[in-house]
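Given the structure is predicted, the values throughout are model-derived calculations rather than measurements. One-based numbering, in listed order, for ligands and for the atoms of each.
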Amino acid sequence: MSVADRLAGIRERIGAAARSAGRDPSSVRLVAVSKTFPINLIREAYAAGQREFGENRVQEALQKIAETTDLEIRWHLLGHLQTNKARKAGPAFATIQSVDSLELLQKLDQAAEQAGTKPELLIQVDLAGEASKFGAPPSEVPRLFEAAAACRAASVAGLMTLPPVPDTPEDARPWFRTLRDLRDGWLASGVPAPMLRELSMGMSGDFEVAIQEGATMVRVGTAIFGSRLVED
Ligand SMILES: *Cc1c(COP(=O)(O)O)cnc(C)c1O
C-alpha cells in the first residue's frame, strides 16, 4: 500500500471514530509523525493533501524543515526541547507540543517575539509519573497557564499526553479520559478556553479510542509511513 492509500484509510477511520462519538470529523487534526522516515515519504503524504507533520528530535526536524522549504508544511515538535535550544530551534515550528516547564515556555515566547512568529504551544502533561518521560505533572500545570497569560507572541492552545505504551487500545483509554477530565477541571476553574482548545492524544495503535475520549489532534506515524527501521 502507498502512503496515499494508508493516509486515506486513516482519514476514514478518524471520520468514523468522530461520528461514532457524535463529533464532527473536522474537529480532529491529523499530525503525520514522520520521525525516522525519509523526505520522499513526507513528499508523498504532502502530495496526498497532508499538511501537518510531527518530529520528535530537534536536529532531525530542523534538517527536514530545511529540505522542504518549497512545501507549506506546519511542523510540530513532539519531543523534548532543552531550554538552551529554545531560542534557536523554537521559531522553526508552528506547534510545539512538548512544553513542560515555566522556563521553556518563557524562552519560547521570547524567541517567537524576536523571530516574529506566533507559535501554538501545547503543555505536555505527565500523567503516569514515569521517571523516564518528560512532561509536567498535573500539579504544575496551573502555573504554566498563569505564565501563558503573560506571553506576548506564543500562545498556549491545549494539552498533550504520551501515556505508557498500552498493550491494547483500551488500555490507553483511562489516560485519555484523565487528560480530558483535567482539561474540564481547569476550564471550570477559570483557565481561558482558548488555552484548552486542543487535546493531543492518540497514536497509530489507539487514535480511535483517543477520539472517542475527546482528542482534537492525533499523532500517527507507523500507520501512515510503515514500520520504523530505526528506533526513535
Ligand atoms: C513516535 C510518536 C508518535 C507516533 O507513534 P506511532 O506509533 O508511530 O503512530 C506520536 N507521538 C509522539 C510524541 C511520538 O514520539
Side-chain angles (χ1 to χ4, degrees), residues 1 3 5-14 17 28-38 41-42 44-45 48 50-65 73-82 89 92-101 104 119-128 130-136 157-173 175-176 178-179 198-232:
M1 265 216 279
V3 165
D5 289 339
R6 282 194 292 247
L7 203 43
I10 298 294
R11 289 197 189 112
E12 216 159 278
R13 287 168 58 193
I14 288 173
V28 183
R29 287 159 71 181
L30 171 61
V31 179
V33 182
S34 49
K35 66 185 183 195
T36 76
F37 294 107
L41 295 188
I42 294 174
E44 271 185 57
Q50 182 62 30
R51 291 295 178 271
E52 302 202 78
F53 290 83
E55 289 282 333
N56 74 334
R57 284 176 184 270
V58 175
Q59 267 323 106
E60 180 182 351
L62 293 179
Q63 182 155 356
K64 285 175 172 169
I65 291 169
I73 290 179
R74 274 187 68 87
W75 286 100
H76 293 238
L77 180 64
L78 308 175
H80 183 62
L81 178 59
Q82 284 174 275
F93 298 93
T95 304
I96 296 172
Q97 301 209 6
S98 47
V99 177
D100 60 359
S101 75
L104 179 59
E120 169 187 59
L121 308 182
L122 303 185
I123 297 174
Q124 181 176 355
V125 186
D126 174 19
L127 298 175
E130 289 176 290
S132 60
K133 286 229 179 112
F134 296 105
L159 308 171
M160 181 271 247
T161 200
L162 182 62
V165 179
D167 290 328
T168 71
E170 281 303 319
D171 288 343
R173 188 183 296 278
W175 301 110
F176 298 151
T178 298
L179 191 70
E198 304 286 354
L199 281 184
S200 173
M201 52 191 199
M203 322 202 317
S204 289
D206 54 22
F207 67 87
E208 284 145 314
V209 173
I211 290 168
Q212 288 163 5
E213 296 300 331
T216 65
M217 237 188 239
V218 292
R219 312 178 306 263
V220 179
T222 51
I224 296 172
F225 296 110
S227 57
R228 276 186 289 273
L229 300 177
V230 208
E231 278 304 302
D232 67 279

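With rounding to the nearest 0.5 Å, the separation of CZ in F134 from CG in L104 is 11.0 Å.
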Q: Start with the C-alpha gap between T216 and E198, add the side-chain angles, then the distance that decides, and say whether side chain to side chain donor-acceptor pair (under 3.5 Å) holds.
A: CA-CA 6 Å; T216 65; E198 304 286 354; 2.5 Å; yes
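The closest side-chain heavy-atom distance from R173 to E213 is below 4.5 Å.
Every atom of ligand 1 with a heavy atom of G221 under 4.0 Å away is listed here by number and element: 4 (C), 6 (P), 8 (O), 9 (O). The atoms of ligand 1 that sit less than 4.0 Å from any heavy atom of K35 are 1 (C), 2 (C), 3 (C), 14 (C), 15 (O). Heavy-atom proximity to R219, at under 4.0 Å, picks out these atoms of ligand 1: 4 (C), 9 (O), 10 (C), 11 (N), 12 (C), 13 (C). Under a 4.0 Å criterion applied to the non-hydrogen atoms of T222, ligand 1 contributes the atoms 6 (P), 7 (O), 8 (O), 9 (O).
Comparing heavy-atom distances from atom 13 (C) of ligand 1 across L78, T161, V165 singles out L78 as nearest.
Classification of the W75-F53 ring pair by plane angle, with boundaries at 30° and 60°, yields tilted.
For F37, the ring-ring contact (aromatic ring centres under 6.0 Å, His included) partners two or more places apart in sequence, or in a different chain, are F225.
Only backbone heavy atoms of V220 (N, CA, C or O) come within less than 4.0 Å of ligand 1; its side chain stays farther off.
Among pairs with a residue in residues 199-209, those fulfilling salt bridge (Lys or Arg N to Asp or Glu O under 4.0 Å) read R13-E208, at least two apart in sequence or across chains.
By the 4.0 Å heavy-atom criterion, R228 is counted among the residues contacting ligand 1.
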